[in-house]
Amino acid sequence: DASPATQLASRPEPVFYLPDLLAADEAQAPPRRSSSIRTDDPAYVIFTSGSTGAPKGVAVGHGALASFVHAAVEYYSVGRGDRFLQFASLTFDVSLKEIFIPLAAGGTIVVRPEHMTDSAVVFAEECRALRLSYICIGTAFFHEVISAEWPTGLDLGPEVRFVDIGGEATNPAAVRR
């Protein structure tokens with residue numbers, strides 16, 4: 001069994017190995033303090049317009065985030081070999097799912113190459129090349145991908161186990177395709 005560093009070095013995408021980054025900064029790091037984070041302490045703030053149309057920040061607690069991530073890891077059966085596409089903008093709450101679920105299970109976060117959304121064909125080619133197991137995309141882009149001409153059928157790669165679609169209502173006929 002190869003070491004994690006060896007496994008990471010053999011991957012085609014840029015990889016940042018957290019223990020190496022931490023070790024490099026250890027000499028410059030301030031002294032560590034004991035943590036007293038409570039489950040209701042804010043983990044992040046999401047902004048929503050709600051029913052008023054005016055932006056409103058809503059704090060999500062550490063306990064809620066941890067519970068969601070734990071349940072999602074179990075539901076999706078995420079493990080070390082899984083590769084999650086980090087597709088969403090970091091300002092969109094879906095990015096939390098794309099980042100924290102694989103991190104919690106030892107999986108890999110694959111940052112979307114900029115050109116991946118150039119066309120449905122490029123998207124499918126990149127999904128296969130990146131050996132993704134989990135893809136989360138917005139409904140509008142899903143409809144674009146599914147409605148493209150696929151002479152031999154849409155193929156996102158043999159490793160794909162989940163395609164998570166969200167953001168707005170999905171056309172049921174498109175999902176059945």
Side-chain angles (χ1 to χ4, degrees), residues 2-22 24-25 42-48 57-146 148 154-170 174-175:
S3 73
T6 303
Q7 292 174 10
L8 289 171
S10 67
R11 300 195 178 203
E13 63 276 343
V15 174
F16 301 97
Y17 188 53
L18 189 57
D20 289 347
L21 293 174
L22 293 175
D25 287 340
Y44 67 95
V45 176
I46 183 170
F47 284 84
T48 177
V58 177
V60 178
H62 283 272
L65 177 60
S67 293
F68 168 76
V69 169
H70 178 75
V73 166
E74 284 189 17
Y75 179 79
Y76 294 119
S77 299
V78 180
R80 288 180 48 131
D82 284 310
R83 297 172 58 81
F84 275 54
L85 178 62
Q86 203 287 298
F87 187 90
S89 164
L90 294 177
T91 61
F92 188 38
D93 63 337
V94 169
S95 68
L96 297 168
K97 182 191 310 188
E98 299 168 338
I99 294 169
F100 286 113
I101 295 171
L103 280 181
T108 301
I109 301 165
V110 179
V111 178
R112 173 181 54 87
E114 196 170 318
H115 69 278
M116 193 171 187
T117 57
D118 287 352
S119 73
V121 172
V122 170
F123 178 78
E125 288 171 351
E126 286 294 322
C127 286
R128 289 190 302 273
L130 295 169
R131 303 177 333 274
L132 301 171
S133 51
Y134 178 95
I135 300 166
C136 181
I137 57 177
T139 306
F141 191 69
F142 167 75
H143 285 147
E144 183 178 324
V145 169
I146 205 71
L154 173 60
D155 177 13
L156 299 176
E159 293 89 354
V160 173
R161 293 192 338 232
F162 293 97
V163 177
D164 194 343
I165 308 157
E168 56 193 356
T170 304
V175 173

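Values in this document were obtained by computation on a predicted structure and should not be read as measured data.
The CG atom of Leu65 sits 13.0 Å away from atom NE2 of His70, with the distance rounded to the nearest 0.5 Å. If you take CZ on Phe92 and SG on Cys136, they are separated by 7.5 Å, rounding to the nearest 0.5 Å. Annotation: the span from Leu130 atom CG to Arg112 atom CZ amounts to 11.5 Å, rounded to 0.5 Å. In this structure, CZ in Arg128 is found 11.0 Å from CD in Glu159, a value given to the nearest 0.5 Å. Remark: Asp164 CG to Ile101 CD1 distance equals 8.0 Å, nearest 0.5 Å. Between Leu156 atom CG and Arg161 atom CZ the span is 14.5 Å, to the nearest 0.5 Å.
The backbone N or O of Gly166 sits less than 3.5 Å from a side-chain atom of Thr139, completing a donor-acceptor pair.
Between Leu103 and Val69 the shortest side-chain heavy-atom distance does not fall below 4.5 Å. Tyr134 has its side chain within reach of Lys97: a pair of non-hydrogen atoms, C-beta onward, lies under 4.5 Å apart.
Using the six-membered ring where Trp is involved, Phe162 and Tyr75 have ring planes that are tilted, between 30° and 60° apart. Ring planes of Phe141 and Phe123: perpendicular class, angle over 60° (limits at 30 and 60°).
Checked options Thr117, Leu154, Ile135; the residue passing with Val145 is Leu154 (criterion: side-chain contact (heavy atoms from CB on, under 4.5 Å)).
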